[in-house]
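So that the names make sense, note that chain A is the first sequence line, chain B the second, and so on, each numbered from 1.
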Amino acid sequence: MLNSVKKLFKSNYLFTFGVMICLAWIIAAILAPVIAPYDPIVQDLSLRLKPPSAQHWFGTDNFGRDIFSRVIYGGRYSLLAGCLTVVIAGFIGTFYGAIAGYVGGWVDNVMMRISEMILSFPSLILAMIINAVMGSNLFNTMFALVIVAWPTYARLMRSVVLSVKENEYVTASEALGASKVRILMKEIIPNSISSVLIMATTDIGNQILMFSTLSFLGLGSAPPTPEWGMMVSDGVDYFNKFWVAGFPGLAIFTMAVGANFIGDGLRDLLDPKLRKQF
Amino acid sequence: MEQLKFIGKRLLYLVVMLLGVATLVFILTKMIPGDPTVANLSQRALNDPEIVAAYRAKHGLDEPVIVQYFIYIKNLLHFDLGTSIRTNKPVLDELSRCYPATIELALFAIVIAAVLGILFGIISAIRRNSILDQIVRAISVTGVSIPSFWFALLVLFFFYYKLKIFPGPGRLSNSFAAPATVTGMYVIDSLIEGNIPKALDALSHLVLPGTVLAAFTMGLITRTTRSNLLDVMSTDYIRTAKAKGLGKLGLILRHALGNALIPVLTVIGLGLGNLLGGMVLVETIFNWPGVGQFAYESVLSTDFPSIIGVALLIALNYMVINTVVDILYGLIDPRVRCN
């Protein structure tokens, strides 16, 4: 496995590029107080809407705040929201799908129809409705994202479990008298989890996009939080000052591209059908 | 007969799923905190006890939840989606006003996405692992990763504000009056009027929002076309055709593409469904008076009857498109029908 990853780094430049971008953002988010030259929240109206310069690399926004510092701090919210959503949705989806696939019969039927009901809703609209019903703040936005995201994991997990449960080691375990819960936890889930992990890597980019979309629409965290989507939406009113929306948008874009490159690379590595071709 | 059975089964499934979505919406409405009359009636209507009483009676709000559910389903079956709090008009009227604008934009976008996506996919598969392939793959990942609201601002900034190549937000320039409504799609309605300049103006207004909407789906179509074409190219019948001395281009166009495009059809169908859902951002930024903008304004003013109407309409669209794709799939590929 380690050798394959090494080979992946050497042969797939896009994957290497993706890893570098994501690492840079993670480091920037952790070291934000050290890297950011200014406070992301303190306003200085005398510096309103200044273009990029040596003092303010990305310029300043309509409250005179340094956009570079706000972008660096903003990475914390986007990364946290993206990763937490994927972990929680992945966790729920994994167990839900594994149970549905392993138990089978009418339980499987009912469980899958419920997840399809959620899937047939356009995700953005559903997230918007949940936010409108519950009120918008960071926690509720993430809750809405999880509700929208978990069924995809459940479906994927179920489809993998359906084939894994036919394996002989599962039959052997059953013959030894292992309980259903034990088989599920010790045999089925560990042997089915890899495709869910690949999907999760690609999904982090999607979730960051969804999160910033909701905050762009005013349904995320409240101002003056330096959140990327909200910063782009601030820039809509200052159309001719390209830096106000330009740099936060570029941040979301690079983060999502990085996550997608990594996801693509991992899929190529772990999918045997594709491995032959690359 | 077998085909009819297949289609019948898909249609039955559609009805069951629609009922499921309607139920989910009902559950969501029950989650709204507080008195439903406050959430569903305007302030002026709330001051009139007769209207409040009529509303409570109509929706059976004093009855048990299960009775309320059946009343809700009955209203839906009569196409009664309630009245918008924000505009005070029936939600169904509002939706039928917005819908053609959305469909016009979505169809335009899906055509761009399909044409470019399939073309890029073919180029990428023919020149596998070349620089061209890497560039096309980078473009497709960009399309999938770019935040549409930011992309919309970028194209507006460059192509409208700086270069002045394409018109800005809206469906028509100020110098034209809206065409008489026949289909509600401005390009077609202008053509029916015989006004070519107006039709061209409406078409040029579609370009920027259409491109932004198409980006994501185009990326998906490129990837799917590429990987399917590569799969098909390694099959025996292609090897036979190659052995017969067919050129690479003829091989792909005449033999491989047909089979490789079957799964692409699903992606196009799903893409069209997603486009309708993704309209919210693009329509808001481009001031496009469609369902997406209506949804956004409804959410901002917590206009629940309208939000629910939009949700049902988009879910209905999504499922109808999926069912049509499934049926087409069955007609094109007999193996699907058998399974």
Side-chain angles (χ1 to χ4, degrees), chain A residues 11 13-14 17-18 113-114 116-126 128-135 202 205-206 208-210 212-213 216-219 228-229 232-233 235-236 239-240 242 245-246 248-261 263-264 273-274 276-278, chain B residues 16-18 20-21 23-25 28-29 31-33 128-129 134 137-138 141-142 144-151 153-154 156-157 161-162 219 223 227 230-231 234 273-274 276-281 284-285 292 295-296 298-300 302-304 307-308 310-311 314-319 322:
Chain A
S11 64
Y13 298 119
L14 295 181
F17 186 52
R113 291 300 90 77
I114 292 174
E116 275 170 25
M117 242 158 62
I118 297 178
L119 275 179
S120 62
F121 255 97
S123 45
L124 181 60
I125 302 259
L126 183 57
M128 278 168 70
I129 298 175
I130 295 172
N131 244 316
V133 169
M134 297 182 57
T202 328
N206 293 339
I208 289 175
L209 279 183
M210 266 297 263
S212 55
T213 303
F216 175 81
L217 290 171
L219 296 169
W228 290 342
V232 176
S233 110
V236 176
F239 194 63
N240 48 356
F242 71 91
L250 194 65
I252 305 171
F253 174 56
T254 49
M255 187 74 225
V257 166
N260 269 323
F261 281 155
D264 269 10
K273 222 169 95 190
L274 284 168
K276 263 191 298 182
Q277 294 166 2
F278 287 92
Chain B
V16 174
M17 286 304 290
L18 273 180
V21 168
T23 310
L24 184 65
V25 169
L28 277 172
T29 57
M31 276 168 60
I32 302 168
R128 200 174 83 201
N129 292 336
Q134 298 275 357
R137 290 177 75 190
V141 173
T142 307
V144 177
S145 319
I146 200 160
S148 57
F149 51 93
W150 186 62
F151 190 32
L153 292 177
L154 278 186
L156 270 176
F157 183 78
Y161 180 72
K162 284 275 174 203
R223 286 177 178 192
S227 69
L230 287 176
D231 269 357
S234 59
N274 282 333
L276 292 170
M279 284 289 180
V280 176
L281 286 164
T284 308
I285 295 171
Y296 178 59
S298 306
V299 168
L300 283 194
T302 46
D303 178 356
F304 280 108
I307 299 172
I308 290 163
V310 170
I314 294 182
L316 174 71
N317 259 306
Y318 195 72
M319 285 187 285
N322 266 344

Query raised in the report: B/T284, B/V144, B/V21, B/N317: which one forms the most heavy-atom pairs within less than 4.5 Å of chain A?
Result: B/V21
Query raised in the report: In terms of heavy-atom pairs under 4.5 Å, which option from B/L154, B/V310, B/V16, B/T142 contacts chain A the most?
Result: B/T142
Query - Residues that B/I307 engages under side chain to side chain contact (heavy atoms under 4.5 Å, CB included), provided they are two or more places apart - result: A/I129, B/S298, B/V299, B/F304
Report task. Measure up the A/F17 and A/F261 rings against each other and bin them: parallel (under 30°), tilted (30 to 60°), perpendicular (over 60°). Result -> tilted
Query raised in the report: Is the closest side-chain heavy-atom distance between A/I252 and B/W150 below 4.5 Å?
Result: no
Query raised in the report: Between A/T213 and B/L281, is any pair of side-chain heavy atoms under 4.5 Å apart?
Result: yes
Query raised in the report: Side chain, backbone, both or neither: which part of B/Y296 has a non-hydrogen atom closer than 4.5 Å to chain A?
Result: both
Requested in this report: Give, as side chain, backbone, both or neither, the part of A/I208 having an atom under 4.5 angstrom from any heavy atom of chain B.
Outcome: neither
